[in-house]
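Presented below is the structure to which this report refers.
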Amino acid sequence: MLPLTEPFSEKYLKKLIGRTDIEDALKRLDRLTQEEARMAAAQVLNVANTVDARVQGIADNMLSVDNRMTSIDDRVADVGDRLKEVDEQMKGVNEQVTGVDDRVKDVNDQVKGVNDWVKGVDDQVKGVDDRVMAVDDKVKAVDDKIAAVVDGA
């Protein structure tokens, strides 16, 4: 036999005899492998579609959250504007209170002046009271002398 035909002769002989069961089995295995690959691809596609739907749901939720956050930002900006207005009003009130405080100091100074004046009047009344007591003592002394003269007469 020729060396080139020797390795192929067994295969050729098997085909001639009709022994193709190994080749048939290999063909069936190849078809099953291809079918399994298609089924795996179909499952991967199914999982991908499920993940896509869930991601879309999350995206919708995020959009809703984003819209709510925008609304909250608007409200916070409104509150900030209102706080600025209140701050301006508080500055005006503070200026008014400062003016009242100055006026109260002026009134307090006037009350101190009146208090000093009343003290001066009180001192004068005490002086008058002391003089009245001195006059009273003199009148009593005169009264005692008159009583002594009336008793001795």
Side-chain angles (χ1 to χ4, degrees), residues 7-8 11 14-15 19-153:
F8 299 110
K11 189 176 183 184
K14 285 183 185 178
K15 281 191 177 188
R19 299 227 27 205
T20 60
D21 55 342
I22 293 176
E23 280 185 31
D24 291 342
L26 287 174
K27 287 180 184 178
R28 278 193 313 229
L29 181 61
D30 187 43
R31 278 190 308 237
L32 287 173
T33 303
Q34 289 176 4
E35 187 177 334
E36 184 180 6
R38 283 191 293 262
M39 290 179 74
Q43 285 183 341
V44 167
L45 184 60
N46 186 22
V47 168
N49 284 336
T50 302
V51 168
D52 185 47
R54 289 184 181 170
V55 167
Q56 185 61 40
I58 290 171
D60 291 343
N61 287 342
M62 291 302 294
L63 183 61
S64 173
V65 168
D66 186 48
N67 289 339
R68 284 189 245 155
M69 289 300 295
T70 301
S71 173
I72 289 171
D73 285 345
D74 292 344
R75 290 181 194 164
V76 167
D78 288 344
V79 168
D81 292 342
R82 289 181 191 161
L83 282 175
K84 286 178 185 175
E85 291 173 9
V86 168
D87 188 45
E88 290 299 320
Q89 291 175 354
M90 287 302 296
K91 285 179 183 177
V93 169
N94 193 22
E95 290 171 2
Q96 291 175 353
V97 167
T98 302
V100 169
D101 189 40
D102 292 342
R103 284 184 259 155
V104 167
K105 285 180 185 176
D106 291 343
V107 169
N108 192 22
D109 291 343
Q110 290 174 358
V111 168
K112 283 181 183 177
V114 169
N115 195 16
D116 292 342
W117 182 75
V118 168
K119 261 187 182 176
V121 170
D122 191 42
D123 290 342
Q124 289 176 357
V125 167
K126 282 183 183 177
V128 169
D129 195 33
D130 289 342
R131 282 189 250 149
V132 167
M133 284 183 90
V135 168
D136 191 38
D137 288 342
K138 288 180 186 177
V139 168
K140 193 174 182 183
V142 170
D143 202 24
D144 287 343
K145 285 182 188 179
I146 291 177
V149 170
V150 172
D151 283 340

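We count residues from 1, following the sequence as given.
- Here Asp30 pairs with Gln34 under the side-chain hydrogen bond (donor to acceptor under 3.5 Å, both in side chains) rule; sequence neighbours left out.
- With Ile146 as the partner, the side chain to side chain contact (heavy atoms under 4.5 Å, CB included) test is satisfied by one option alone out of Val142, Val149, Asp144: Val142.
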Let me have the donor-acceptor pairs involving side chains of residues 50-59, under 3.5 Å, with sequence neighbours excluded, atom names and distances please.
residue : atom : partner : partner atom : Å
Thr50   : OG1  : Asn46   : O            : 3.0
Gln56   : NE2  : Asp60   : OD1          : 3.2

Pairs of donor and acceptor atoms involving the side chains of residues 110-131, under 3.5 Å and at least two apart or interchain, shall be tabulated with distances.
none

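- The side chain to side chain contact (heavy atoms under 4.5 Å, CB included) test applied to Val100 returns Arg103, Val104, not counting sequence neighbours.
- Remark: Arg28 CZ to Leu26 CG distance equals 9.5 Å, nearest 0.5 Å.
- Interatomic distance, Met90 CE to Leu83 CG, rounded to the nearest 0.5 Å: 12.0 Å.
- Residues that satisfy the salt bridge (Lys or Arg N to Asp or Glu O under 4.0 Å) test with Glu95, not counting sequence neighbours, are absent from this structure.
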Which atom pairs, donor and acceptor, lie under 3.5 Å between side-chain atoms of residues 62-71 and protein residues at least two apart or in another chain?
residue : atom : partner : partner atom : Å
Ser64   : OG   : Arg68   : NH2          : 3.0
Asn67   : ND2  : Leu63   : O            : 3.4
Thr70   : OG1  : Asp66   : O            : 3.0

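- Applying the side chain to side chain contact (heavy atoms under 4.5 Å, CB included) test to Arg82 and every residue at least two apart in sequence or in another chain returns nothing.
- Shown here are the side chain to side chain contact (heavy atoms under 4.5 Å, CB included) partners of Lys91, two or more places apart in sequence or in another chain: Asp87, Glu88.
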